[in-house]
Amino acid sequence: MTAPLFPGRARRSVAALGAVSAGLLLLSACDKPTPLATVTVGSSSVSAESECRSDGKDLSMDRVQECLTGKKDAKTIEYGRGDTLRLGVEPKVVEDGKKWQAVLDGQPITEPSANTYRSFAGADVFATGGQGEAPQSKMLSFVQVGEDGKPLAVWSFKLKLKK
């Protein structure tokens, strides 16, 4: 018969130390979450983190264009003609002189703003100006810009026309 190398108390201490170390290792591997942007229509809201960000550096215009048009799995919210569209960002998005602006299908619909909230009562984002049938969905993006006006991050959502 062999004697254990560590008494019971020492084994429990070593096991606890190992568990704490493993937990710290897992936490250090996590990415820091980015600030959220939110779109609200009526009583429905969707929020998302930025998937296109520069981590302190400017995004290239090619990367911004890709972020504005290439997002296939964007969170979706239904929008009916005449609904109030509410857009919001966390305060961190506008810290240190940064601003954000709303972009609909690649075209800016607001000026860059340091406010964290914008509301558009009765807006018809699916209006075509009499030029054909309205699309069934549109991409709504928020673009964060630095003090120099260069893009830093992009959040994307899909507005789906209510039937």
Side-chain angles (χ1 to χ4, degrees), residues 23-131 133-163:
L24 289 174
L25 181 62
L26 284 173
L27 285 175
S28 68
C30 295
D31 287 334
K32 187 171 104 178
T34 63
L36 295 176
T38 303
V39 176
T40 303
V41 177
S43 61
S44 299
S45 291
V46 291
S47 296
E49 288 186 16
S50 168
E51 290 193 22
C52 294
R53 58 185 174 274
S54 61
D55 296 321
K57 301 177 188 110
D58 299 338
L59 287 174
S60 70
M61 290 314 288
D62 289 340
R63 179 75 173 127
V64 170
Q65 195 61 33
E66 178 184 315
C67 295
L68 292 174
T69 59
K71 185 89 166 100
K72 302 297 182 209
D73 59 344
K75 292 196 177 181
T76 302
I77 190 165
E78 286 192 340
Y79 178 86
R81 288 190 161 98
D83 285 348
T84 298
L85 179 64
R86 295 176 181 88
L87 312 177
V89 296
E90 288 186 354
K92 190 171 187 160
V93 173
V94 294
E95 286 179 348
D96 303 323
K98 297 176 190 138
K99 296 181 178 183
W100 68 281
Q101 73 181 115
V103 176
L104 187 65
D105 276 350
Q107 299 299 315
I109 59 171
T110 66
E111 292 294 321
S113 172
N115 296 326
T116 59
Y117 176 80
R118 300 285 309 255
S119 179
F120 304 92
D124 187 0
V125 299
F126 287 95
T128 62
Q131 298 180 1
E133 190 174 327
Q136 296 304 302
S137 67
K138 289 195 172 199
M139 290 300 295
L140 175 65
S141 301
F142 298 14
V143 179
Q144 179 190 37
V145 295
E147 288 182 274
D148 58 2
K150 294 186 179 172
L152 301 172
V154 179
W155 293 258
S156 294
F157 300 89
K158 183 186 283 187
L159 293 178
K160 184 178 176 185
L161 182 61
K162 260 189 216 175
K163 294 187 180 195

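Treat the numbers as computed from the prediction; the structure is a model and nothing was measured. This chain uses plain numbering: 1 for the first residue, then up along the sequence.
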**OP:** Kindly determine whether V46 and T76 satisfy side chain to side chain contact (heavy atoms under 4.5 Å, CB included), including the steps that lead there.
**Re:** CA-CA 7 Å; V46 291; T76 302; over 6 Å; no
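Taking the side chain as every heavy atom from C-beta outward, L159 and I77 approach each other to under 4.5 Å. Contact annotation: the side chain of D83 approaches that of K162 to within less than 4.5 Å [non-hydrogen atoms, C-beta and beyond]. Between S47 and K75 the shortest side-chain heavy-atom distance does not fall below 4.5 Å. Side chains of V93 and T116 form no contact here, defined as non-hydrogen atoms less than 4.5 Å apart.
Note that OG of S45 is 8.5 Å distant from CZ of R86, once rounded to the nearest 0.5 Å. Put simply, CG on L87 and CH2 on W100 are 5.0 Å apart, with the number rounded to the nearest 0.5 Å. With values rounded to the nearest 0.5 angstrom, K150 atom NZ is found 12.0 Å from L59 atom CG. We find the CZ-CD distance between F142 and Q101 to be 11.5 Å, quoted to the nearest 0.5 Å. Annotation: the span from L161 atom CG to D124 atom CG amounts to 8.5 Å, rounded to 0.5 Å.
Listed here is the closest heavy atom pair of E51 and R63: O-NH2, 4.0 Å. In this structure, A121 and T84 approach most closely via the heavy-atom pair CA-OG1, 3.6 Å. Between T110 and A102 the shortest heavy-atom distance is OG1-N, 2.8 Å. Nearest heavy atoms, A74 versus K158: CB-N, 4.1 Å. Scanning all heavy atoms of the two residues, the minimum distance from E147 to G97 falls at CG-O, 3.5 Å. Among all heavy-atom pairs drawn from V94 and A114, the shortest one is CG2-O, 3.4 Å.
In E111, the CD atom is not crowded: 12 or fewer heavy atoms of neighbouring residues, nucleotides or ligands sit closer than 6.0 Å. Within 6.0 Å of NZ on K98 lie more than 12 heavy atoms contributed by other residues, nucleotides or ligands.
The backbone N or O of V125 sits less than 3.5 Å from a side-chain atom of K138, completing a donor-acceptor pair. Although no hydrogens or angles enter the test, the distance criterion places no donor-acceptor pair under 3.5 Å between the side chain of W155 and the main chain of L140. In terms of modelled atom types and a separation under 3.5 Å, the side chain of D105 and the main chain of M139 share a donor-acceptor contact. The backbone N or O of V154 lies less than 3.5 Å from a partner atom in the side chain of S50, making a donor-acceptor pair.
Checking L104, V64, L68 one by one against S141, the side-chain contact (heavy atoms from CB on, under 4.5 Å) holds for a single residue, L68.
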